[in-house]
There are 2 protein chains.
Amino acid sequence: MTTTSPYPGTQSVVRAISVLKAFTDEHPEWSLTPLAQELGLNKATTFRLLTALESESLIMRDPQSEKYRLGPAIVTLGGRALRANSLRVVSQGELQALAAETNETASLEVLHGKEALVLDEIAGNHVMTGSQSIGSRWPAHATSTGKVLLAALPEQRLRQVLPTPMPSYTPHTITSWDALLRDLAATRVRGYAVAREELEIGLLAIGAPVLNHDGQTVAAVSIAGPTLRLTAQRESEIAALVCACAARISRRLGL
Amino acid sequence: MTTTSPYPGTQSVVRAISVLKAFTDEHPEWSLTPLAQELGLNKATTFRLLTALESESLIMRDPQSEKYRLGPAIVTLGGRALRANSLRVVSQGELQALAAETNETASLEVLHGKEALVLDEIAGNHVMTGSQSIGSRWPAHATSTGKVLLAALPEQRLRQVLPTPMPSYTPHTITSWDALLRDLAATRVRGYAVAREELEIGLLAIGAPVLNHDGQTVAAVSIAGPTLRLTAQRESEIAALVCACAARISRRLGL
DNA sequence: AACAACGTTTCATATTATGAACTTAACCCG
DNA sequence: CGGGTTAAGTTCATAATATGAAACGTTGTT
């Protein structure tokens, strides 16, 4: 290899991480050869990396299929990362209250690059599913939380972060800079963001910013649910509850 | 270094993982120098490993303190590991039902070495805290789920897995082989395990085994709560509910 | 102002990671 | 059956890469 690594002396570690990241929701299970091909690594190298990761339980092998999967140590590290996040810990009670008030799914998300990362999720009583998407990432420009978080960034930063063109998920996804900047401006004025079928048809979400002691947007809280239940008339009511929840969390952060 | 790694060509990767694992619940934040000392690594090496991990967002730096913490990519990987776990997905509905029936905290755990790893946790209405300890590990010999899982192992395996002496957490913790083997035998006969103040004073838990299509114990389900609420008379009632829940999950696994 | 402590960078060195080629095992399919 | 195909895992010579001692720069302290 003659390619220059981002930093010297980190090739194998970066490669090992790329192995870990290959295990996605869409492809949670890999065999050696396809994985090596996917990553463009030598089979022997990939095997050694997998073995090292397996010896530390970051990766395990499915007893039946013999294929590689993410292992128990990853679960433990993920739990630690969440528990170490004071934002999440502080928010949890308020988020639960919000989910109970609205009977819809409440989420807490932070910005990571061009994506909104789900730190916590409390299901309303309508759906019988608990915290299924903690750790998931959604395209920021197509979600209410994402737009709330983007609205706090200077335009220059936006241009660095967002891909051009912005990918479209439904006919209502915002894909032009013009439309996005207008929506973000409206979000700032309004104090909350609305994403109506921008990520998925039939899905509406309303998000509000969480501010730290300094007044900076550090996270977003949202309520999401089917457009069937979240009708236009309920929208302002829900928005008020989401904003109140976000404000309470902000106050707990010392605002 | 002249120490032989478990496998050749994996030193830096194993070291990088040891860096990740240094971030525990007790010590979620590290500075460079103490971390290098703790791990017995050179400061420059540790710095390079941290930089590599940070470049991939497995580690981040706290904006205020400048110290290192687990990063967003770990949260994402943890979420993927959980979602990829079909056992957890299959169990979730039943676990929620159990928590609702009993109004106490329901858990799903698997054995990992000498510890029980929490895959899912649904709080009853008494406690306002959601899935705080997913990914946590508890000493198997001192928990109901742990004893259920140990009860399925041949004695020889037990001796390999469990440390001698077994650490004690309360005056009721089982620490002798004799007592443990008797308890495990009783668990097998009874069909469920009870841990009364064995891990923590005031805490009672009742666990039952989840069996796969093959009849092998692959996980344990439990209800845990304060001895104040989980009185002796409620014990058999709770045990029946826990066993029924575990049996329903087992059936879903094809038993 | 001198010192101390810590994060970060440099660089010569050889240890360690690498990948081409090989071995082994399982599995088709004629 | 049995010869052929595929994929997992192993070996080993090579040099590229990780290593750590020492130097550097920055910040805070006495």
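Quick caveat, the model's predicted, so the values are computed rather than measured.
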* For E56(A) and L20(B), run side chain to side chain contact (heavy atoms under 4.5 Å, CB included): C-alpha distance rounded to whole Å, both residues' side-chain angles, the deciding distance at 0.1 Å, then the answer. => CA-CA 11 Å; E56(A) 296 292 327; L20(B) 283 178; over 6 Å; no
* Do the charged groups of R69(A) and D62(A) touch, with an N to O distance under 4.0 Å? ->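 A salt bridge links R69(A) with D62(A).
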Checking contacts here: which listed nucleotide ([options]) is nearest the side-chain heavy atoms of [X]?
X      : options                   : value
A44(B) : dG7(C), dG20(D), dT18(C)  : dG20(D)
R61(B) : dA21(D), dT8(C), dA18(D)  : dT8(C)
Q11(A) : dT17(D), dG19(C), dA21(D) : dT17(D)

* Return the 5'-most residue of the pair R48(B), S31(B) with respect to DNA chain C, ranking by each residue's nearest nucleotide. => S31(B)
* Asked: With respect to the phosphate group of dA18(D), does any side-chain polar atom (N or O) of S12(B) fall under 4.0 Å of OP1 or OP2?
  ->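 So the side chain of S12(B) is outside the cut-off, no N or O lying under 4.0 Å from OP1 or OP2 of dA18(D).
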* Any donor-acceptor N or O pair under 3.5 Å, side chains S12(A), S12(B) ->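 A pair is found: one side chain offers a donor N or O, the other an acceptor, under 3.5 Å apart.
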* Closest nucleotide of DNA chain D for N42(B) versus for P34(A): which of these residues is on the 5' side? ->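 Checking each residue's closest nucleotide, the 5'-ward one belongs to P34(A).
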* Asked: Does the side chain to side chain contact (heavy atoms under 4.5 Å, CB included) test come out yes or no for L95(A) and Q92(A), once each step is laid out?
  -> CA-CA 5 Å; L95(A) 210 59; Q92(A) 201 155 39; 5.6 Å; no
* Asked: Should the pair Y169(A) and H141(A) be assigned to parallel (<30°), tilted (30 to 60°) or perpendicular (>60°) ring geometry?
  ->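 Judged by the thresholds at 30° and 60°, the geometry between Y169(A) and H141(A) is tilted.
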* Please walk me through it: do H27(A) and E38(A) pass side chain to side chain contact (heavy atoms under 4.5 Å, CB included)? -> CA-CA 12 Å; H27(A) 208 312; E38(A) 169 78 15; over 6 Å; no
* Structure fact -> Axis-to-axis angle for the helix from dA1(C)-dT30(D) to dC27(C)-dG4(D), ends of five pairs each, to 10°, equals 40°
